[in-house]
Protein chains: 2
Amino acid sequence: MQHTELKVGELARRTGLSIRALHHYDEIGLLKPSAHTASGHRLYTAADIARLHHILSLKQLGFSLEEIAGTLGRADFSALRVVELRLQRAREQLAEQRQLCERLDAIARQLRAAEPVSADDFLQTIEAMTMFEKYYTPEQLKELEARRQAMGEDAIKEVEAEWPRLIARMREEMEKGTDPATEPVRALATRWRELIRAFTGGNPGIQKSLQTMSQQEPQMAQRQGRDPQLMEYVGRAMACLDAPK
Amino acid sequence: MQHTELKVGELARRTGLSIRALHHYDEIGLLKPSAHTASGHRLYTAADIARLHHILSLKQLGFSLEEIAGTLGRADFSALRVVELRLQRAREQLAEQRQLCERLDAIARQLRAAEPVSADDFLQTIEAMTMFEKYYTPEQLKELEARRQAMGEDAIKEVEAEWPRLIARMREEMEKGTDPATEPVRALATRWRELIRAFTGGNPGIQKSLQTMSQQEPQMAQRQGRDPQLMEYVGRAMACLDAPK
DNA sequence: CTTGCACCTCACGCGACGTGAGGTTGTACC
DNA sequence: GGTACAACCTCACGTCGCGTGAGGTGCAAG
């Protein structure tokens, strides 16, 4: 009955751990075999094996080896408190994972809906989504998504195609030096305002977030051809709309 | 207009990254600033900053720096495929996280329901749950949980308290050498069978899993005083019940 | 005596940086 | 010119839980 002591290989086979892992536990003092052969081979006693089972249980709960060592070290710990702390951590990580999945899923859907996109479009899409998540609250994002749903795929694509054209025409007028209060510009400015309103839906929170984003991330606007100079021109045109000549 | 180049500190402040992280990206060749001052200070151009934004976007999606480097390296990758692979990984991790949360939550509930438990009880509870998860299918676990609910806390505690008593009395008879076919043992064996039936609910799958677990994990039984010798005695007593003298 | 297996002890590697140590550069003020 | 002080630089080790060799020893069988 004294042959109950196991060597590493045997223990590894029985627990499914690697030999290296057991060596590691020995190294860091988490599980030191109580006996050794004369030649230095590790001999794990029944008590060692019981301890290992405890270790594996706690490991399955996501505790670090250090935490396990601490927990097994002193027997006076409050089990409930320890588990609840760990549960809290796990819940936070779960929420993060969920968010990540949602992000990826949203992007995948975008990609599936669109034509085969170029790498550049792809990166821009992601960047845009990241920005949106940064500047809009979750509720606002929901509302935006709802409005997109309501508009339908085609309408969205139309608007997305119209923006660059509108920007280009506005730039033309600016470069020609057209007075922003006069006609071709008034029409363009009106359309500009309409498109923005179609996006915000008149929601003041979303309007505010959009404004914040535009101010904080001028590079994004730049990439779409909306440089500060143009924006200032548009601003003047808008002002003229409100104050009719 | 040529003052657009940023030094590390500035870029770090704007992106929320640490200076060390930017150094790291430089080290591994993920983002090498296109310019340096004469004295060796890093200067990030607008193009560098754009690349960094791409990097951060992909990082937010959980890609490793190596994957990001690969993705940004060649422009011919299939965006959808990349994202879908990543999504799959994320979903798997999400499932694991969820399982972990459930495990922790179950243990926390157990701990809250019970009296303040000793560290030893705690570890034993966890170990038991781990074993259960190993040998019973999710559906079986659900059924067991349902039966526990139906029994009520007090009844469960009663049964849990009865087991050690029953085991002790059985051992007594065995050590006295009582014939397992004769009376005090017949009654004990009957009760033994009843308790097991209360646990399995007569479900053959659960009966089988229980048997498998008992065979594969003799140490667990041992700790409850059910050594092989005793089990063999119980087995004989059971057989005598079925074949009435 | 050799073969072969299980065991031993170093010791580096991963991934994405954190955290110093110890030195240089740039800028502002005296 | 000197002297702070912040911002930059380059090593280089630490993290966590082992994987993965390299190079050597112990022990039983042919």
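Quick note on labels: first sequence line is chain A, next is B, and so on, each numbered from 1.
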[X] side chain N/O closer than 4.0 Å to the phosphate oxygens (OP1, OP2) of [N]?
{"X": "B:R20", "N": "D:dT15", "value": "no"}
{"X": "A:R42", "N": "C:dC7", "value": "no"}
{"X": "A:H23", "N": "C:dC8", "value": "yes"}
{"X": "B:K59", "N": "C:dG15", "value": "no"}
{"X": "B:Y25", "N": "C:dC17", "value": "yes"}
{"X": "A:K7", "N": "C:dC5", "value": "no"}
{"X": "A:S39", "N": "C:dC8", "value": "no"}

Classify A:S18 by what it touches in the nucleic acid, base, sugar-phosphate, or nothing, heavy-atom distance under 4.0 Å.
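If one applies the 4.0 Å heavy-atom cut-off, A:S18 turns out to touch the sugar-phosphate alone, with no base involved.
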Tell me what B:S64 touches on the nucleic acid: a base, only sugar-phosphate, or nothing, going by heavy atoms under 4.0 Å.
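Sugar-phosphate, no base atom in range.
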Side chain of B:H41 - closest among D:dC16, D:dC9, D:dC18
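Nucleotide nearest to B:H41's side chain: D:dC9.
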Between [atom2] of [N] and [atom1] of [X], the distance in whole Å:
{"X": "A:I28", "N": "D:dT15", "atom1": "CD1", "atom2": "C1'", "result": "13 Å"}
{"X": "A:L6", "N": "C:dC7", "atom1": "CG", "atom2": "C1'", "result": "15 Å"}
{"X": "A:L30", "N": "D:dC18", "atom1": "CG", "atom2": "P", "result": "10 Å"}
{"X": "B:H36", "N": "C:dT24", "atom1": "NE2", "atom2": "C1'", "result": "15 Å"}
{"X": "B:I19", "N": "C:dA16", "atom1": "CD1", "atom2": "C1'", "result": "17 Å"}

Gap between atom CZ of A:R91 and atom CD of A:Q93 - 0.5 Å precision:
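Here the interatomic distance stands at 12.5 Å.
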Charged N-O contact under 4.0 Å between B:E27 and B:R20:
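The answer is yes: the pair qualifies as a salt bridge.
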Does A:R147 pair with A:E143 as a salt bridge, N-O distance under 4.0 Å?
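Yes, A:R147 and A:E143 are salt-bridged.
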DNA chain C: 5'-proximal contact among B:A38 and B:F63 (nearest heavy atom)
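The residue mapped nearer the 5' terminus is B:F63.
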Considering non-hydrogen atoms only, spot the tightest contact between B:Q60 and A:L100 and give its length.
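B:Q60 and A:L100 have their closest heavy atoms at O-CD1, 3.4 Å.
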